[in-house]
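When a ligand or atom number is given, it counts from 1 through the structure's own listing order. Given the structure is predicted, the values throughout are model-derived calculations rather than measurements.
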Amino acid sequence: MARPVGEDVKKLNKFERLKAEKDGLEVKGQLGEFARLGWEAMDEQDRDQRLKWLGVFFRPVTPGEFMLRLRLPNGILTSGQMRLLGEVIQRYGDQGSADITTRQNLQLRGIHLEDLEDIFRRFQAAGLTSIQSGMDNVRNITGSPVAGIDADELIDTRGLVRKVQDMLTNNGEGNPSFSNLPRKFNIAIAGCRDNSVHAEINDLAFIPAYREGVLGFNVLVGGFFSAKRCAAAVPLGAWVHPRDVVAVCEAVLLVFRNHGLRANRQKSRLMWLIDDWGLDRFRQAVEQQLGHPLLSAAPRDEIVWDKRDHIGIHAQKQPGLNYIGLHVPVGRLEAQDMFNLARMAEVYGSGELRLTVEQNVIIPNVPDSRVAPLLKEPLVQRFSAHPGPLLRGLVSCTGSQFCNFALIETKSRALQMVRELEAELVTPQPVRIHWTGCPNSCGQPQVADIGLMGTKARLEGQTVEAVDIYLGGKVGRHALLGTCVIKSVACQDLKPVLRRLLVEHFGARPQEALVESYVD
Ligand code: SRM
Ligand code: SF4
């Protein structure tokens with residue numbers, strides 16, 4: 001196990017002690033024992049924390065029904081993998097479901113402890129892994145969801161993202177070199193012109209840039225959200241050739257592992273170390289770890305487009321082929337949806353599926369002649385290729401249905417709210433509304449046009465569910481984090497507030513006004 005060397009061990013917080021006592025990956029060999037004991041009797045620290053090193057999350061809201069978070073590099077999976085994941089949740093009946101996450105990944109729900117060994121055997125046979133997807137590990141590595149098929153892409157990131165994951169996880173087996181980081185760590189590798197991965201909110205991000213005519217990446221570091229602080233990533237001042245991306249990821253992570261701050265969990269993300277040291281010292285430490293100096297950054301990067309959402313029908317770079325982006329309301333999937341998506345990918349495409357950070361799904365490689373039949377599939381009634389302007393940009397974190405940190409229910413409320421608003425308003429362009437159930441910001445309200453962060457408010461002597469409202473988030477070319485503009489709006493009073501914001505800031509007009517002007 002990698003020992004923290006940066007600070008005095010006495011100053012370690014309780015999670016550091018937990019990791020020092022027993023590495024999270026050690027529970028891998030104990031699944032049979034846990035199954036025999038049952039979730040009520042097994043060691044609580046193993047159950048509530050260490051299982052997260054295998055991607056298995058105890059849910060206090062649904063005790064005994066665990067959540068299983070995968071790793072899907074670049075958000076890509078095969079129809080066979082999607083079918084297998086559907087089968088895993090199908091056996092849990094109504095308790096089984098899945099969510100597409102804001103890191104273009106999947107989480108399965110309803111999982112029983114006694115099934116884990118079998119599930120992991122099936123994952124291994126299917127080339128899937130959930131290893132090190134929670135707690136103080138590197139999260140799913142994001143890349144453009146249309147890598148390799150985007151006519152305008154600069155670098156196809158699929159191989160790179162996969163190589164970085166394989167390095168970090170020891171090909172999905174688990175890698176003790178990176179199983180004791182000071183905190184979670186997010187990596188994104190953008191190969192497109194529109195920053196479809198939200199590079200600026202990752203601890204380490206690579207964005208395409210030409211240096212002396214060679215295409216590689218400028219490097220950003222330190223982006224993160226937390227309840228205490230949110231920070232956009234800053235340029236490391238370095239340019240990296242694609243062949244060096246894996247080595248740079250490894251070097252940055254080793255510096256973070258060895259020197260990251262571990263005393264206060266609220267101040268452990270990479271940016272706090274960069275603040276503590278200054279960027280120059282941090283960069284020098286990365287160079288020392290790498291064994292050679294980094295090249296200076298390219299003068300400009302190639303993120304020159306506004307962000308696309310990939311919904312709808314799009315011609316690919318391969319002539320005659322299209323990718324179809326389907327909108328999955330708040331990312332929620334049932335087993336039958338997963339079977340249908342797998343079948344549709346095989347019947348109309350090449351048997352591949354892709355996920356986006358907006359919690360939607362893409363079916364790539366659909367020949368021109370197969371587009372119309374695909375759009376007639378019953379599932380496309382629900383997972384539309386042409387959703388309304390508010391539904392289209394809707395994102396929501398898990399919220400109180402399954403997450404014990406949540407201060408509010410998010411997913412059903414988010415859907416209900418946009419349905420009502422779409423019935424009342426005509427909005428000229430899509431508006432990205434992101435809901436997040438608490439200040440941890442998993443639903444990324446700071447990157448939204450309108451961000452809604454769960455909180456509590458007092459209303460007529462009662463404590464009620466409420467939101468803080470964020471505006472000004474910009475994505476793509478001039479990415480900017482939104483800020484809180486209105487605090488503590490009770491959810492029951494939210495609709496008129498959102499209606500007003502949509503009218504005043506996004507050009508929405510009441511349906512009646514349009515009808516009246518038409519009658520005039
Ligand atoms: Fe998150 C913790 C769900 C993306 C910041 N996040 C959690 C936990 C594990 C808390 C828990 O144990 O219940 C949530 C699990 C709930 C559940 O049952 O689903 C949870 N986070 C999610 C997901 C599923 C939200 C979603 O509906 O899409 C996303 C899973 C991504 C993945 O596939 O790995 C998810 N979380 C994010 C993001 C967005 C991103 O990565 O772009 C963030 C903000 C960006 C960041 O991390 O810098 C985020 N999650 C957090 C934090 C605050 C981290 C911090 O430094 O303080 C926590 C709490 C923590 O780690 O202590 C947290
Ligand atoms: Fe849970 Fe809060 Fe993250 Fe939503 S933002 S999934 S409520 S931790």
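For ligand 2 and F405, the ligand atoms under 4.0 Å from any heavy atom of the residue are 8 (S). Atoms of ligand 2 lying under 4.0 Å from at least one heavy atom of A406, given by number and element, are 7 (S). Close contacts of ligand 1 with R109, meaning ligand atoms under 4.0 Å from a residue heavy atom, involve 17 (C), 18 (O), 19 (O). Counting the atoms of ligand 2 from 1 in the order shown, those under 4.0 Å from a heavy atom of S441 are 5 (S). The F405 neighbourhood of ligand 1 comprises atoms 10 (C), 11 (C), with distances under 4.0 Å to a heavy atom of that residue. Atom numbering of ligand 1 starts at 1 in the shown order; those under 4.0 Å from a heavy atom of R139 are 34 (O). With ligand atoms numbered from 1 in the order given, ligand 1 contributes 13 (O), 16 (C) to contacts under 4.0 Å with heavy atoms of C403. Within the listing of ligand 1, atoms 24 (C), 28 (O), 29 (C), 30 (C), 31 (C), 32 (C), 33 (O) sit less than 4.0 angstrom from a heavy atom of T101. Within ligand 2, the atoms closer than 4.0 Å to a non-hydrogen atom of N440 are 8 (S), numbered from 1 in the order shown. Set against the non-hydrogen atoms of I201, the atoms of ligand 1 under 4.0 Å away are 42 (O). Atoms of ligand 1 found under 4.0 Å from any heavy atom of F224, numbered from 1 in the order shown, are 48 (O).
Taking 4.0 Å as the cut-off, S396 counts as a neighbour of ligand 1 on heavy-atom distance. For G443, the closest heavy-atom approach to ligand 2 does not fall below 4.0 Å. Ligand 1 does not have H198 within reach: every non-hydrogen atom of the residue lies 4.0 Å or more from it. Close to ligand 1: N186, with a non-hydrogen atom less than 4.0 angstrom away. Distances shorter than 4.0 angstrom occur between a heavy atom of Q359 and an atom of ligand 1. S441 counts as a contact of ligand 1, since one of its heavy atoms falls under 4.0 Å from the ligand.
In this structure, the protein non-hydrogen atom closest to atom 61 (O) of ligand 1 is R183 NH1, 3.0 Å. If you check which protein heavy atom lies closest to atom 3 (C) of ligand 1, you get R69 NH2, 3.6 Å. Scanning the protein for heavy atoms near atom 24 (C) of ligand 1, the closest one is Q107 OE1, 3.1 Å. Nearest protein heavy-atom contact of atom 2 (Fe) of ligand 2 is C438 SG, 2.3 Å. In terms of protein heavy atoms, atom 9 (C) of ligand 1 is closest to F57 CE2, 3.5 Å. Nearest protein heavy-atom neighbour of atom 5 (S) of ligand 2: T436 OG1, 3.2 Å. Among all protein heavy atoms, the one lying closest to atom 42 (O) of ligand 1 is Q444 NE2, 2.9 Å. Of the protein's non-hydrogen atoms, C442 CB, 3.6 Å is the one closest to atom 25 (C) of ligand 1. Remark: minimum distance from atom 4 (C) of ligand 1 to any protein heavy atom is reached at T102 OG1, 3.3 Å. Atom 11 (C) of ligand 1 has as its closest protein heavy atom R59 NH2, 3.4 Å.
In this structure, CG on L113 lies 9.0 Å from CG on L37, to the nearest 0.5 angstrom.
Within the 4.5 Å cutoff, no side-chain heavy atoms of I189 are placed close to those of I207. Residues T398 and T410 are not in side-chain contact: their nearest non-hydrogen atoms beyond the backbone lie 4.5 Å or more apart. Residues W277 and V255 have side chains in contact (heavy-atom distance under 4.5 Å, counting atoms from C-beta outward). Contact annotation: the side chain of F185 never approaches that of F178 to less than 4.5 Å [non-hydrogen atoms, C-beta and beyond]. Contact annotation: the side chain of D309 never approaches that of H327 to less than 4.5 Å [non-hydrogen atoms, C-beta and beyond]. At a threshold of 4.5 Å between non-hydrogen side-chain atoms, the residues F224 and C230 do not count as touching. Within the 4.5 Å cutoff, side-chain heavy atoms of W53 are placed close to those of N137.
Nearest-heavy-atom check against atom 4 (Fe) of ligand 2 across C442, C397, A227, S396 picks out C397. For atom 40 (C) of ligand 1, the nearest non-hydrogen atom from the set R269, R103, M271 belongs to R103.
Only the side chain of K184 comes within 4.0 Å of ligand 1, judged by heavy-atom distances. At a 4.0 Å heavy-atom cut-off, ligand 2 touches C403 through the side chain alone.
Aromatic ring centroids of H112 and Y92 lie under 6.0 Å apart.
Environment of NZ in K52: crowded, with over 12 heavy atoms of neighbouring residues, nucleotides or ligands closer than 6.0 Å.
Residues G86 and M338 come closest through the heavy atom pair N-CE, 3.7 Å. Nearest heavy-atom pair, L54 versus F120, reported as atom, atom and distance to 0.1 Å: O-CZ, 3.7 Å. Annotation for A231 and M271: closest pair CB-CE, 4.1 Å, computed over non-hydrogen atoms. Nearest approach of S144 to T157, heavy atoms of both residues: N-OG1, 3.9 Å.
A cation-pi arrangement, defined by a distance under 6.0 Å to the six-membered ring centre and an angle within 45 degrees of its axis, is absent between R354 and Y323.
Using a 30° and 60° split on the angle between ring planes, F217 and F206 fall in the perpendicular class, above 60°.
Remark: ligand 1 and T398 share an N or O pair separated by less than 3.5 Å (distance only, no angle test).
Taking a cutoff of 4.0 Å between a charged side-chain nitrogen and a carboxylate oxygen, R50 and D23 do not qualify as a salt bridge. A salt bridge links D337 to R382: one of the charged nitrogens lies within less than 4.0 Å of a carboxylate oxygen.
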